[in-house]
Amino acid sequence: MDREIEDIFALETKRQNEGIELICSENYPSKETRLAMSSIMVAKYAEGFPGHRYYGGCEFIDRCENLCIERLKALFGAKFANVQPHSGSQANFAAYHALINPGETVLSLELNDGGHLTHGSPVSFSSQMYHFVHYPLGEDAHLDYGIVEKCLDEYDPNLFLAGYSAYPYAIDFKRMRELIDEHNAHSSTHCLFMVDMAHIAGIIAAGYCQNPCDYADLVTSTTHKTLRGPRGGVILTNDPDIAKRVDKAVFPYSQGGPLENIIAAKAVAFREDAEPSFKTYIKKVLDNTKACNDELAHLGATVSGTDNHLFLLNVLKTYGITGKEAQLKLESVGVTTNKNMIHGDTLKPAEASGVRIGFAAVTTRGCTKEQAVEIADLIDGVLKDEPLDVAYYSLRVKAIASTWKDVAELSF
Ligand code: DSN
């Protein structure tokens, strides 16, 4: 097609096939999902929603978007869904607009404690449009529902936000709902409950943790992490009035024409996610993540422990190097991770004391529990050894990755 672009594709495919991808927010979609992404659905303008478009010729686009909506609703047992957000950040942008007014107060977890940029980081639109305050984690880096209760009373927020980017433990959405209801019973401000389930959406769909759609007023997600779909966002709710406000907040407030090829790909992925084999996949992700975390602990490393697809490795405490240095060392042998703040971190985010490690992507390719343990030994060696034998570890990484499926040939 285009020699320059083709050459780059070949290099990236090789990097992905020969490497060990441990960034917990990444995954590989199926061939079928990728085919939908490159389909001719891309050529259609369809501003508006099924049955109410600003353009003609939307008969089949409407069928596709409706199918996507129905599949998503069935996956999470929700009454209403909007599948048009281009990303998780866009979904959150629209969600805030649908739920609260500019300047109103949102109680969320800070980025440094595992939250997300759009959960009130000073460099994001979120903190500039709304008044964000934060609930801290407990001393053991777990959510402390007593602290949440106190913060609800102290800040009297208009919106409580749960769902995180670097939180390795189970979340009790039911307890949060109870706390918000108790707070609302004696407060003049009515606090709404929003969950950003982007990281754990696949785990929820597979039934291995509480479903926030049963408790929250509104739930946002991305579709490309544990859900293994195309890169994009979605919004779910059971409240008909909120659903109407969500649609208006997505279009025309914050987005123009929906990406109908991506919506088709979301539909394909949601069908895959409803298969029994997806449940088996998620169970393997949980087992592999725990196996790697536990082996690192066995080797003497300071790790967070895990109830989901990710854990945090404190590299400063364990190996005396920063998260940035650890990320670079691992990358030099073909293991991809990202530096991450650890609870109570004293280093800046650009350095950080830890790395975030996840098993969603490698498990899609076929990583076994034995290999997850081997990967822990490899990580420990790479971060401990000085000088680092790059050639030796690179060969070990390639040997493991060579037993897995080709990233371009996956079918679920
Ligand atoms: N960038 C995603 C992550 O890595 O968690 C969140 O948006």
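Predicted, not measured: the structure shown is a model, and the values here were computed from it. This chain uses plain numbering: 1 for the first residue, then up along the sequence. We count ligands from 1, going down the list as the structure has it; atoms in each ligand are counted the same way.
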- Aromatic rings Phe93 and Tyr253: how do their planes relate, parallel, tilted or perpendicular, breaks at 30° and 60°?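 Because their plane-to-plane angle is under 30°, the rings of Phe93 and Tyr253 count as parallel.
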
- Query: Parallel, tilted or perpendicular for Phe251 and Phe49, by the 30°/60° rule?
  - Reply: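 Plane angle over 60°, so perpendicular.
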
- Message: Quick check with a 6.0 Å cut-off and a 45 degree axis cone: is Arg228 positioned over the face of Tyr281's six-membered ring?
- Response: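 Ring-cation test returns yes.
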
- Item | Under 4.0 Å from ligand 1, counting heavy atoms only: the protein residues, by chain and number |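 Within the 4.0 Å shell of ligand 1, which is judged on heavy atoms, sit Ser25, His116, Ser165, His199, Lys225, Arg356.
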
- Closest approach of Asp345 and Leu347, non-hydrogen atoms and distance?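 Looking at all heavy atoms of both residues, the closest pair is OD1-N, 2.9 Å.
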
- Please list, chain by chain and in numerical order, all residues satisfying side-chain contact (heavy atoms from CB on, under 4.5 Å) with Val407, sequence neighbours excluded.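 By the side-chain contact (heavy atoms from CB on, under 4.5 Å) rule, Val407 matches Thr13, Gln16, Asn17, Tyr28, Arg365.
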
- Task: Identify whether the distance between the nearest side-chain nitrogen and carboxylate oxygen of Asp241 and Arg245 falls below 4.0 Å.
- Result: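 No.
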
